[in-house]
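Remember, it's 1-based here, ligands and their atoms both numbered in the order they're listed.
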Amino acid sequence: MNVLLLGPQGAGKGTQAARIAREYEIPHIATGDMFRAAIASDSELGRQVVPYLAEGRLVPDELTVSLIRERLGQDDARDGFVLDGFPRNLTQAEALDEMLAEIGRGLSVVLALQVPDAVARERMLARGRDDDTPEVIDRRLVDYHEQTKPLLEHYRTRGSFVPIHGDRPENEVFAEIQEALERAAVA
Ligand code: AMP
C-alpha cells in the first residue's frame, strides 16, 4: 500500500499518517519530521535546513528529493509507505513520479485532506511548534496555496484520488480514510 497524504499544515496529516502507518504496518515518511530530526542531531543536513524551517520556507528541492529518494530505497519501505509533507510542489511531484517509475511502483491512493485556512491556522497555533508563530504560519499557508494546491490537479487524473473533509473529529476522518484504503486494496 503506497499512500500519499496531501493537505495544508494543520489539516491533521501527521496524526492520520501515523494511524495509517500503525494500521497497515508501513513506515510513516514525513519530510518535516526528518528535517527536524536532522536539526536535532546537528547533522550537515540539519545545519543546511535550519533557516528554512525557522522561516517557514520550503527547503530546496534538491535536498528534499534526495532525502526522499534515499528513504524510499530503505528496506522497510519495500512493501509500502505513507508519505506526509512530500511532495510540496510540482518539481517534487514529478521527481516522485520518476522515482516510483524507476522502481516499478505506483501510488495506491492519494488522500487530499481538506480544511479551511482558518481551521488550519487555529490548529497550528494550538500545537505550538517553534515554527508555529502567526507570521511563519501565514508564510506556509501562502506556499501551500501557491505551490502545493496545484498538485491536487496533478493527482486528480492519476491513480486513486480521494478528497477527505478534514474539519471533523479525528476518528471520523480516519474511518473515511480506512474506507478509501480498503477500496484501494481491492482495486
Ligand atoms: P511540516 O512538518 O510538514 O509542517 O514541515 C515543516 C517544515 O519543513 C516546512 O515549513 C518546510 O520548511 C520543511 N519541509 C517539510 N517538507 C518539505 C518539502 N517537501 N519540501 C520543502 N520543505 C519541506
- request: Could you list the atoms of ligand 1 found under 4.0 angstrom from a heavy atom of Q9?
  value: 1 (P), 3 (O), 4 (O), 5 (O), 6 (C), 9 (C), 10 (O)

- request: Please indicate whether any nitrogen or oxygen in R129 is less than 3.5 Å from any nitrogen or oxygen in ligand 1.
  value: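 So ligand 1 has an N or O lying under 3.5 Å from an N or O of R129.
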
Residue and atom name of the nearest protein heavy atom (relative to [atom]), distance in Å to one decimal:
{"atom": "atom 11 (C) of ligand 1", "value": "R57 O, 3.5 Å"}
{"atom": "atom 19 (N) of ligand 1", "value": "G85 O, 2.9 Å"}
{"atom": "atom 22 (N) of ligand 1", "value": "V59 N, 3.0 Å"}
{"atom": "atom 23 (C) of ligand 1", "value": "F35 CE1, 3.7 Å"}

query: Which residue from D132, V136, T31, L53 reaches closest to atom 16 (N) of ligand 1 through any of its heavy atoms?
result: T31

task: Pick, from Q92, R88, R127, the option with the minimum heavy-atom distance to atom 9 (C) of ligand 1.
output: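 Closest candidate by heavy-atom distance is R88.
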
field: Polar contact flag, side-chain donor to acceptor under 3.5 angstrom, H145-D117
entry: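 Yes, a side-chain donor-acceptor pair sits under 3.5 Å.
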
message: For the CD atom of E146 and the CG atom of L58, what is their distance to the nearest 0.5 Å?
response: 10.5 Å

- prompt: Is the closest side-chain heavy-atom distance between L125 and D132 below 4.5 Å?
  reply: no

Side-chain donor-acceptor pairs of residues 178-185 under 3.5 Å, sequence neighbours excluded:
residue : atom : partner : partner atom : Å
Q178    : NE2  : E23     : OE2          : 3.1
E182    : OE2  : Y24     : OH           : 2.9

